[in-house]
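A short worksheet on the structure shown next.
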Amino acid sequence: QLQLVESGGGLAQPGGSLRLSCVASGVTLDSYVIGWFRQATGKEREGVSCISISNVTNYGDSVKGRFTISRDNARNTVYLQMNSLKPEDTAVYYCGVPTASCLSSYWSINSYYWGPGTQVTVSS
């Protein structure tokens, strides 16, 4: 059974960088579309990024140009490189398996699976 565990969160200053990792177990991750989602306190969950099996990617408007999603199938891991961080990026970040294609705007709506999440805090 697919299990996902996020790591790499922590405290960063505005303008700084963090790299999140999503490690899969129970399956080979190269067979799955993987998305990153986040939820800030008091706000709705939103889609951050999505990567297809063939490495087609999509991004939420708020992170486009700042975040980069990638996969390393040999390590069974999907990464989210976050640069130029803003306080508005503060949230719990989750990886999951989106319910729609990365080429569709619907990828950000939901996920078949979820990891436990990792906290990202951007503050000076």
Side-chain angles (χ1 to χ4, degrees):
Q1 185 176 354
L2 174 64
Q3 292 184 318
L4 302 171
V5 179
E6 305 91 342
S7 64
L11 178 64
Q13 295 187 348
S17 298
L18 288 172
R19 189 181 74 165
L20 306 185
S21 298
C22 174
V23 180
S25 61
V27 300
T28 52
L29 203 55
D30 60 2
S31 299
Y32 289 84
V33 176
I34 296 295
W36 283 98
F37 305 79
R38 68 186 184 186
Q39 187 165 21
T41 301
K43 296 183 178 180
E44 296 292 323
R45 184 182 64 233
E46 65 174 327
V48 176
S49 188
C50 179
I51 185 166
S52 75
I53 295 171
S54 59
N55 288 337
V56 175
T57 60
N58 209 342
Y59 297 90
D61 289 340
S62 63
V63 307
K64 197 170 297 182
R66 299 188 298 120
F67 292 8
T68 303
I69 190 170
S70 63
R71 65 164 74 237
D72 186 339
N73 291 332
R75 293 179 169 83
N76 224 29
T77 301
V78 169
Y79 302 99
L80 184 68
Q81 179 67 46
M82 305 186 296
N83 298 326
S84 302
L85 284 164
K86 303 176 180 179
E88 305 91 89
D89 297 319
T90 296
V92 178
Y93 284 70
Y94 303 89
C95 61
V97 179
T99 58
S101 169
C102 291
L103 296 174
S104 168
S105 62
Y106 296 103
W107 68 267
S108 63
I109 294 176
N110 212 343
S111 173
Y112 292 116
Y113 303 94
W114 297 106
T118 185
Q119 175 71 48
V120 171
T121 301
V122 183
S123 176
S124 59

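Note that the structure is a prediction, hence the values are computed from the model and not measured.
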*asked:* Run the ring-ring contact (aromatic ring centres under 6.0 Å, His included) test against Phe37 and tell me which residues pass, sequence neighbours left out.
replied: Trp114
Check side chain to side chain contact (heavy atoms under 4.5 Å, CB included) between [X] and all other residues, then give those that pass, not counting sequence neighbours.
X: Ser7; answer: Ser21
X: Thr57; answer: Ile51, Tyr59, Ile69
X: Pro116; answer: Glu6
X: Arg75; answer: Asp72, Thr77, Tyr79

Measuring from [X]:[atom1] to [Y]:[atom2], what's the distance to the nearest 0.5 Å?
X: Ser17; Y: Arg66; atom1: OG; atom2: CZ; answer: 10.5 Å
X: Gln13; Y: Leu18; atom1: CD; atom2: CG; answer: 11.0 Å
X: Ser62; Y: Glu46; atom1: OG; atom2: CD; answer: 4.5 Å
X: Phe67; Y: Asn83; atom1: CZ; atom2: CG; answer: 8.5 Å

Are [X] and [Y] packed together at the side-chain level, in the sense that at least one heavy-atom pair is separated by less than 4.5 angstrom?
X: Met82; Y: Leu20; value: yes
X: Pro14; Y: Lys86; value: no
X: Lys43; Y: Thr41; value: no

*Return the minimal non-hydrogen interatomic distance between Thr118 and Gly8, and the atom names on each side.*
OG1-N, 4.1 Å
*So which heavy atom on Val92 is nearest to which on Gly117, and how close?*
CG1-CA, 3.9 Å
*Which pairs with one or both residues in residues 54-64 pass salt bridge (charged side-chain N to carboxylate O under 4.0 Å, His left out), sequence neighbours excluded?*
Asp61-Lys64
*Please list all pairs passing the salt bridge (charged side-chain N to carboxylate O under 4.0 Å, His left out) test where one or both residues lie in residues 102-124, with sequence neighbours left out.*
none
*Pairs where residues 53-124 contributes a residue and the test disulfide bond (SG atoms under 2.5 Å apart) is met, not counting sequence neighbours*: Cys22-Cys95, Cys50-Cys102
*Linking Ile, Leu, Val, Met, Phe, Trp and Tyr by side-chain heavy atoms under 4.5 Å, what else ends up with Val23?*
none
*ILVMFWY clustering at 4.5 Å (side-chain atoms), partners of Val56*: Leu103
_Modelled atom types, side-chain donor and acceptor of Ser54 and Ser52, under 3.5 Å_ = yes
*Which pairs with one or both residues in residues 90-107 pass side chain to side chain donor-acceptor pair (under 3.5 Å), sequence neighbours excluded?*
Arg38-Tyr93
Anything under 3.5 Å between a donor and an acceptor, one on a side chain of residues 25-36, the other on a protein residue two or more places apart or in another chain? List them.
unit_1	atom_1	unit_2	atom_2	d
Ser25	OG	Gln3	OE1	3.4
Thr28	OG1	Asp30	OD1	3.2

*Which is it for Asn58 and Ser49 under the side-chain contact (heavy atoms from CB on, under 4.5 Å) test, yes or no, and what are the steps along the way?*
CA-CA 6 Å; Asn58 209 342; Ser49 188; over 6 Å; no
